[in-house]
Amino acid sequence: MTEIWNRDTFLQRLREIGKGRYHHLHPFHMAMNAGQLSPSQIRGWIANRFYYQQNIPIKDAAILSNCPRPEIRRIWIHRILDHDGQTEGEGGIEAWLRLGEAAGLSRDDLWSHRYLLPGVRFAVDAYVNFCRTQPWPIAVASSLTELFAPDLMQERLVAFEKHYTWIAPDGLEYFRARLTQARRDSREGLELTLTHCNTHELQKKAVEALAFKCDLLWAMLDAIQLAYGGAMKSQGEEKRSDTL
Ligand code: AHQ
């Protein structure tokens with residue numbers, strides 16, 4: 001029976017995953033943050049990421065449906081309204097639609113999935129199915145990519161305000177809101193993971209869940225880069241595609 005990790009070691013194992021596999025290292029994000037993407041590449045990314053955004057509350061509802069403990073559901077449930085809003089015209093999905101409009105995409109362009117790429121669809125569907133079928137602490141652990149999101153969000157905001165001035169500033173509201181929401185989400189998600197993944201087996205599965213989620217975020221960008229181009233060579237890419 002392998003020894004359970006203490007909290008610091010468990011947290012270190014989780015953080016190590018993000019350091020080398022989170023999608024801040026992906027060539028498409030590196031090119032985005034360097035201001036090298038064209039309007040059509042930005043629009044392709046916005047249209048495809050919408051499918052991820054609209055599925056976040058679906059996967060969070062799946063986690064709730066698998067969790068029998070009211071005190072845990074009370075912590076998690078705000079994520080649904082963060083995206084759906086309390087009423088029409090509010091929330092993260094609405095903010096993403098406005099980002100699309102600010103970039104020249106119609107709401108129907110996003111809701112219709114007319115630009116949705118197969119690789120993005122299957123990566124997002126894999127995430128939703130993962131959260132439907134895994135025990136709730138493991139599905140919670142897969143959300144911990146958000147430990148690494150605030151820095152990326154901050155870098156992205158600076159890049160959009162500096163390089164993509166053809167997008168009206170109020171179209172960037174989604175990223176501004178995520179700065180605080182991602183910090184709150186990851187603080188809650190980390191505490192739940194460190195507390196409830198309380199055997200070595202569950203700790204290992206939590207680390208594997210985070211690696212799985214990093215890979216699905218990476219696969220989304222691979223599909224977008226393949227369809228729209230726009231990547232630059234990056235440290236991350238060499239690291240990820242070691243020569244055989
Ligand atoms: O906008 C993002 C978001 O709402 C979420 C929810 C969270 C989860 O529960 O898996 N992950 C996540 C992420 C969002 N944005 C991504 C980005 O790069 O814009 C990052 C992504 C994440 O880090 O998992």
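Each ligand, and each atom within it, is numbered from 1 in the order the structure gives. Quick caveat: nothing in here was measured; it's all calculated off a predicted structure.
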* Sub-6.0 Å ring centroid separation between F28 and H26 -> no
* Check: Y51 ring centroid to H113 ring centroid under 6.0 Å -> yes
* **E94/R98 salt bridge by N-O under 4.0 Å criterion** => yes
* **Those protein residues which place at least one heavy atom below 4.0 Å from ligand 1** => Y22, H23, R49, Y52, Q53, I56, K59, R79, H83, Y127, S143, T145, E146, A149, L152, M153, R156, Y174, R178, K213, L217
Name the atoms and distances for all side-chain donor-acceptor pairs under 3.5 Å in residues 137-145, with sequence neighbours left out.
| from | atom 1 | to | atom 2 | distance (Å) |
| --- | --- | --- | --- | --- |
| S142 | OG | A139 | O | 2.6 |
| S143 | OG | V140 | O | 2.7 |
| T145 | OG1 | K213 | NZ | 2.6 |

* To do: Nearest 0.5 Å please: distance from the CZ atom of R21 over to the CD atom of E16.
  => 12.0 Å
* What about the rings of W96 and W45, do their centers lie closer together than 6.0 Å? -> yes
